[in-house]
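First comes the structure, then the notes that go with it.
No hydrogens, no waters, no symmetry mates; every other heavy atom, side chains included, goes into these values. Numbering of residues begins at 1 and proceeds along the displayed sequence. Numbering of ligands and ligand atoms starts at 1, following listing order.
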Amino acid sequence: MAFNTSEVDKNLVRLEYDNGVAWVILNRPEKRNALSPALSLRMLEIFDEVEADDRCGVMVLTGEGTAFSAGMDIKEYFRDMKDQPRSVNLKVRRLNYEWQWRRLRYFMKPTIAMVNGWCFGGAFLPVVSCDLAIAAEEAKFGLSEVNWGILPAGNVSRAVAETMRTRDGLYYVMTGELFDGRKAAEMGLVNEAVPQEKLRERVRELADILLEKSPAVLKAAKDAFKRVQELDWDMSEEYLITKQEQLWFLAGEEREEGIKQFLDDKTYKPGLGMYKRPSKE
Ligand code: ACO
Ligand code: V55
């Protein structure tokens with residue numbers, strides 16, 4: 001077997017809690033944080049832990065060393081899997097999709113991809129699955145699949161189609177050319193790019209904004225935005241009303257408080273910022 005489900009290597013991904021943020025750090029710098037079956041297992045373990053831990057209000061995904069991630073581990077997923085039975089091939093692929101988009105796209109907490117360096121192929125998927133993404137201007141991205149004879153599969157093409165315009169997407173899918181963080185921001189693959197030395201500070205600042213909001217409201221708002229992209233207008237209207245009613249049920253006191261502080265107390269203006277949440281006093 002190429003991997004063993006009973007032995008999860010904790011070192012493949014590091015988890016650090018710091019003032020409301022769970023930093024999830026891909027930690028195979030010697031392999032440029034290439035994504036492997038064992039790394040999938042560790043990531044799923046971390047997701048289970050982080051989703052349930054109150055120390056995490058925002059999850060940040062980043063990489064150790066010079067890479068965010070060099071994409072799928074070409075040896076472990078492609079060369080070694082050739083000799084494995086189909087059942088193992090299907091299993092490692094399923095584990096990969098499980099964390100890279102099924103879990104990450106609808107994660108319970110807000111998520112930010114902090115793209116600190118190399119980002120290739122399969123690594124586009126977790127970047128797009130995160131709610132927000134901030135890159136170093138110096139980071140280098142590439143849809144390098146075409147350079148070694150495959151196509152961006154595993155829903156990488158779908159992720160590119162969702163975030164990049166058709167002409168940009170096809171250009172990079174077909175040329176495999178590199179582009180930097182600044183270009184990634186221009187094209188909409190990430191929210192913004194900042195100089196490398198400002199990267200952590202900017203992500204911390206963004207996380208702090210999210211930490212002021214109601215977790216229940218954020219979860220509903222991000223899921224709704226992502227889901228309506230797949231729906232027609234009628235289904236979308238129905239979904240949003242239903243979601244809103246669910247939220248009233250789950251976190252009705254949040255909007256009552258916001259309305260009160262605006263209309264009665266006159267202590268804040270919703271257009272200009274966040275009301276003071278009782279739990280934050
Ligand atoms: N799969 C397997 N091994 C990898 C990968 C990868 N994706 N990326 C890096 N490594 C390994 C290298 O083989 C090398 O291993 P070794 O030390 O045992 O020889 C080690 O990581 C360091 O890599 P270098 O190439 O020496 O590092 P360098 O900093 O010079 O280059 C770069 C970094 C540009 C990221 C280069 O490693 C590279 O091109 N990697 C492949 C990127 C890629 O195309 N990934 C696949 C995308 S398509 C997909 O994900 C389906
Ligand atoms: C790729 C990615 C995959 C996969 C097969 O982009 C190919 C290439 C993210 O998963 O399973």
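On a distance-only criterion, Arg93 and ligand 2 share no N/O pair closer than 3.5 Å.
Both the sub-6.0 Å distance and the 45° axial angle are satisfied by Arg55 relative to the ring of Tyr17.
Between the side chains of Asn96 and Gln100, at least one donor-acceptor pair of N or O atoms lies under 3.5 Å.
At a 4.0 Å heavy-atom cut-off, ligand 2 touches Asn96 through the side chain alone.
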Atom pairs and distances, side-chain donor-acceptor, residues 233-243, under 3.5 Å, sequence neighbours left out:
{"unit_1": "Thr242", "atom_1": "OG1", "unit_2": "Glu238", "atom_2": "O", "d": "2.6"}
{"unit_1": "Lys243", "atom_1": "NZ", "unit_2": "Gln246", "atom_2": "OE1", "d": "3.0"}

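When every heavy atom of Gly65 is checked against every heavy atom of Pro29, the shortest pair comes out as CA-CB, 4.5 Å.
Look at Glu201 and Lys198 and you find no salt bridge, because none of the NZ, NE, NH1 or NH2 atoms lies under 4.0 Å from a carboxylate O.
Taking every non-hydrogen atom of Gln100 and a distance limit under 4.0 Å, the qualifying atoms of ligand 2 come out as 9 (C). Per-residue contacts place Val156 under 4.0 angstrom from the following atoms of ligand 2 (heavy atoms of the residue considered): 6 (O). Of all the atoms in ligand 2, the ones that sit under 4.0 Å from a non-hydrogen atom of Pro152 are 6 (O).
Atom 7 (C) of ligand 2 has as its closest protein heavy atom Ala153 CB, 3.7 Å.
Between the choices Met81, Glu145, Met72, the shortest heavy-atom distance to atom 3 (C) of ligand 2 belongs to Met72. Around atom 11 (O) of ligand 2, the closest heavy atom drawn from Phe120, Tyr97, Trp101, Tyr77 belongs to Tyr97.
Listed by chain and residue number, Phe47 satisfy the ring-ring contact (aromatic ring centres under 6.0 Å, His included) test with Phe107 (two or more places apart in sequence, or in another chain). Applying the ring-ring contact (aromatic ring centres under 6.0 Å, His included) rule to Trp148 yields the partners Phe78; only residues at least two apart in sequence or on another chain are considered.
Just one residue in the list Arg79, Arg32, Arg28 forms a salt bridge (charged side-chain N to carboxylate O under 4.0 Å, His left out) with Asp73, and that residue is Arg28.
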What does the contact table look like for ligand 1 (nitrogen or oxygen on each side, cut-off under 3.5 Å)?
{"unit_1": "ligand 1", "atom_1": "1 (N)", "unit_2": "Ile74", "atom_2": "N", "d": "2.8"}
{"unit_1": "ligand 1", "atom_1": "7 (N)", "unit_2": "Ala70", "atom_2": "O", "d": "3.1"}
{"unit_1": "ligand 1", "atom_1": "7 (N)", "unit_2": "Met72", "atom_2": "O", "d": "3.0"}
{"unit_1": "ligand 1", "atom_1": "15 (O)", "unit_2": "Lys31", "atom_2": "NZ", "d": "3.3"}
{"unit_1": "ligand 1", "atom_1": "18 (O)", "unit_2": "Lys31", "atom_2": "NZ", "d": "2.6"}
{"unit_1": "ligand 1", "atom_1": "21 (O)", "unit_2": "Glu30", "atom_2": "O", "d": "3.4"}
{"unit_1": "ligand 1", "atom_1": "27 (O)", "unit_2": "Arg32", "atom_2": "NE", "d": "3.2"}
{"unit_1": "ligand 1", "atom_1": "27 (O)", "unit_2": "Arg32", "atom_2": "NH2", "d": "3.2"}
{"unit_1": "ligand 1", "atom_1": "29 (O)", "unit_2": "Arg32", "atom_2": "NE", "d": "2.9"}
{"unit_1": "ligand 1", "atom_1": "29 (O)", "unit_2": "Arg32", "atom_2": "NH2", "d": "3.2"}
{"unit_1": "ligand 1", "atom_1": "44 (O)", "unit_2": "Ser144", "atom_2": "OG", "d": "2.5"}
{"unit_1": "ligand 1", "atom_1": "45 (N)", "unit_2": "Ala70", "atom_2": "O", "d": "2.7"}
{"unit_1": "ligand 1", "atom_1": "50 (O)", "unit_2": "Met72", "atom_2": "N", "d": "2.8"}
{"unit_1": "ligand 1", "atom_1": "50 (O)", "unit_2": "Gly122", "atom_2": "N", "d": "2.8"}

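Surrounding CG of Asp232 are more than 12 heavy atoms belonging to other residues, nucleotides or ligands, all under 6.0 Å away.
Relative ring orientation between Tyr97 and Trp101 is described as tilted, the plane-to-plane angle lying within the 30° to 60° band.
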